[in-house]
Amino acid sequence: MIRAIDHLVIATDDPDRAARELEDAVGIRCTGGGRHDGLGTRNRLAFLADDSYLELIGVDDPELAKATPVGRAALRALEERGGGLATYALLVDELDSTVEALRAAGSSIGPVQPGSRVRDDGEVVRWWIAYPGVELGPAEPPFLIQHEYAGPEWGPEAMAARRTQVHPIGSPVHLVRLDVAAAEPPSAAAKLHAELGIDLWAVADLAVADIGPHVLRLVPTREMATPAVVTLAADVETPRTVEILGLRFDLERAAVPVADRP
């Protein structure tokens with residue numbers, strides 16, 4: 001079962017510099033990250049109060065990165081737009097059974113694959129992943145992920161700490177909505193339904209879906225000044241908008257709900 005938007009993959013030529021820019025301009029601090037050994041990429045992670053996160057991904061070895069769907073999406077974002085949203089992931093509880101059900105319904109989603117990343121402290125973070133049968137991209141169907149809830153990054157203590165983490169903005173931060181520019185939102189919505197079984201409904205020229213606590217909107221490209229807009233909630237005095245890292249962040253003033261997940 002798809003539960004939420006898990007994370008946004010934001011391509012950048014320098015994840016460390018991008019992390020500093022994110023903190024300075026938006027007020028969100030990166031506290032995790034590491035290298036994807038053998039895959040040619042590395043990242044910095046900004047964890048949010050609802051267990052979602054922002055992944056700032058860089059490419060160290062383009063040839064290795066080309067071998068993976070996320071690596072190719074990051075390379076395309078860097079080459080075509082100088083960076084920005086490359087793709088995103090949806091959180092799934094039981095990935096094997098979810099993929100089996102999607103295939104039975106006609107999806108071309110690929111098999112479940114293990115993934116891992118080595119943190120700077122040497123600890124290994126593990127997950128399982130399944131890619132849709134299309135190349136990844138901002139307006140293309142995202143991939144599915146299931147985490148191993150263990151260790152210093154995804155164990156119970158780490159999860160509890162980041163649900164109340166106060167970012168430099170002055171409060172915890174919660175993901176509210178992801179808006180993605182699509183040339184033809186109805187076509188993009190149909191592809192999303194065919195690959196992942198997600199139902200979207202039309203609102204004016206938009207295609208909209210509730211994905212757990214989050215909202216996904218496919219917006220006509222002509223109405224978007226940037227390829228993606230990320231709406232976040234934080235306990236700030238006034239709403240604000242910041243354009244950085246190839247996308248726009250809209251910060252709403254709101255009490256930040258704390259997630260109740262494993």
Side-chain angles (χ1 to χ4, degrees), residues 5-49 52-89 115-125 136-138 142 152-153 158 162 165-175 178-181 224-232 234 236 240-251:
I5 295 177
D6 185 76
H7 69 279
L8 312 183
V9 182
I10 302 169
T12 173
D13 59 358
D14 186 335
D16 293 324
R17 186 182 67 222
R20 293 191 295 270
E21 292 176 359
L22 184 67
E23 182 169 343
D24 292 343
V26 185
I28 297 175
R29 176 173 292 147
C30 290
T31 57
R35 295 186 179 276
H36 303 105
D37 286 343
L39 302 181
T41 55
R42 60 188 173 94
N43 65 21
R44 294 293 305 276
L45 305 178
F47 295 108
L48 305 180
S52 65
Y53 60 98
L54 308 178
E55 177 182 13
L56 308 178
I57 190 168
V59 176
D60 291 332
D61 189 323
E63 291 305 313
L64 287 176
K66 288 177 184 176
T68 69
V70 172
R72 291 195 297 273
L75 281 169
R76 280 194 301 275
L78 289 167
E79 292 168 356
E80 296 174 3
R81 294 178 274 114
L85 184 68
T87 183
Y88 58 103
S116 64
R117 169 174 50 82
V118 181
R119 289 164 36 112
D120 290 340
D121 61 9
E123 292 284 347
V124 179
V125 180
L136 298 175
E153 190 167 297
R162 63 178 178 252
Q165 177 188 354
V166 176
H167 286 269
I169 197 172
S171 80
V173 180
H174 182 276
L175 177 64
L178 173 63
D179 291 353
V180 178
M224 296 277 282
T226 58
V229 177
V230 180
T231 301
L232 304 167
V236 293
R240 69 183 76 168
T241 293
V242 179
E243 290 192 16
I244 186 176
L245 304 177
L247 65 164
R248 192 179 90 200
F249 291 92
D250 287 347
L251 283 92

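Source: prediction; values computed, not measured.
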Exercise. For residues Ala19 and Arg44, report the shortest heavy-atom separation together with the two atoms involved.
Key: CB-NH1, 3.9 Å

Exercise. Identify the two heavy atoms, one from Val180 and one from Pro138, that lie closest to each other, and give their separation to 0.1 Å.
Key: CG1-O, 3.0 Å

Quiz item: Who pairs with Ala77 by side-chain contact (heavy atoms from CB on, under 4.5 Å), at least two apart in sequence or on another chain?
Solution: Ala11, Arg81, Ala86

Quiz prompt | Distance (rounded to the nearest 0.5 Å) between Asp179 CG and Asp250 CG | solution = 8.0 Å

Quiz item: At what distance, to the nearest 0.5 angstrom, does CG of Leu48 lie from CD1 of Ile5?
Solution: 11.5 Å

Practice problem: Tell me, with the steps shown, if Leu45 and Glu153 meet side chain to side chain contact (heavy atoms under 4.5 Å, CB included). | Solution: CA-CA 11 Å; Leu45 305 178; Glu153 190 167 297; 3.7 Å; yes

Exercise. Given salt bridge (charged side-chain N to carboxylate O under 4.0 Å, His left out), test Asp16 with Arg42 step by step and report yes or no.
Key: CA-CA 10 Å; Asp16 293 324; Arg42 60 188 173 94; 3.7 Å; yes

Exercise. Give a yes or no answer on whether the side chain of His167 reaches the backbone of Arg29 with a donor-acceptor pair at less than 3.5 Å.
Key: yes

Self-check item: Partners passing ring-ring contact (aromatic ring centres under 6.0 Å, His included) against Phe47 (at least two apart in sequence or in another chain)
Solution: Tyr53

Exercise. Under the salt bridge (Lys or Arg N to Asp or Glu O under 4.0 Å) rule, collect the residues that match up with Arg17, sequence neighbours excluded.
Key: Asp13, Glu21

Quiz prompt | Interatomic distance, Ile10 atom CD1 to Thr12 atom OG1 [nearest 0.5 angstrom] | solution = 9.5 Å

Practice problem: Go through the structure and list residues passing salt bridge (Lys or Arg N to Asp or Glu O under 4.0 Å) with Glu123, not counting sequence neighbours. | Solution: none

Quiz item: Do the non-hydrogen side-chain atoms of Ile169 and Leu232 ever get within less than 4.5 Å of each other?
Solution: no

Quiz item: Do Asn43 side-chain atoms and Gly34 backbone N/O form a donor-acceptor pair below 3.5 Å?
Solution: yes

Quiz item: Who are the salt bridge (Lys or Arg N to Asp or Glu O under 4.0 Å) partners of Arg162, not counting sequence neighbours?
Solution: none

Quiz prompt | Qualifying residue for side chain to side chain contact (heavy atoms under 4.5 Å, CB included) with Leu245, from Leu56, Leu85, Thr226, Leu54 | solution = Leu56

Quiz item: Taking Arg72 for the side chain and Leu136 for the main chain, is one N or O donor matched with an acceptor at less than 3.5 Å?
Solution: no

Quiz prompt | Closest heavy-atom pair and its distance - Pro15, Gly58 | solution = CG-N, 3.5 Å

Quiz item: Taking atom CD1 of Ile28 and atom CD of Gln165, what is their separation to the nearest 0.5 Å?
Solution: 10.0 Å

Self-check item: Separation of Thr41 OG1 from Arg35 CZ (nearest 0.5 Å)
Solution: 9.5 Å

Practice problem: Calculate, to the nearest 0.5 Å, the distance between atoms CZ and CD belonging to Arg248 and Glu243 respectively. | Solution: 7.0 Å

Donor-acceptor pairs under 3.5 angstrom involving side-chain atoms of residues 61-70: please list them, not counting sequence neighbours.
residue: Asp61; atom: OD1; partner: Glu63; partner atom: N; Å: 3.1
residue: Asp61; atom: OD1; partner: Leu64; partner atom: N; Å: 3.2
residue: Glu63; atom: OE2; partner: Lys66; partner atom: NZ; Å: 3.2
residue: Thr68; atom: OG1; partner: Ala65; partner atom: O; Å: 3.3
residue: Thr68; atom: OG1; partner: Gly71; partner atom: N; Å: 3.0

Self-check item: Pro142 versus Thr87, closest heavy-atom pair with distance
Solution: CA-OG1, 4.2 Å

Quiz item: Can you name the closest pair of heavy atoms from Gly84 and Leu247 and give their distance?
Solution: CA-CD2, 4.5 Å

Quiz item: Are side-chain heavy atoms of Leu178 and Val230 found at a separation under 4.5 Å?
Solution: yes

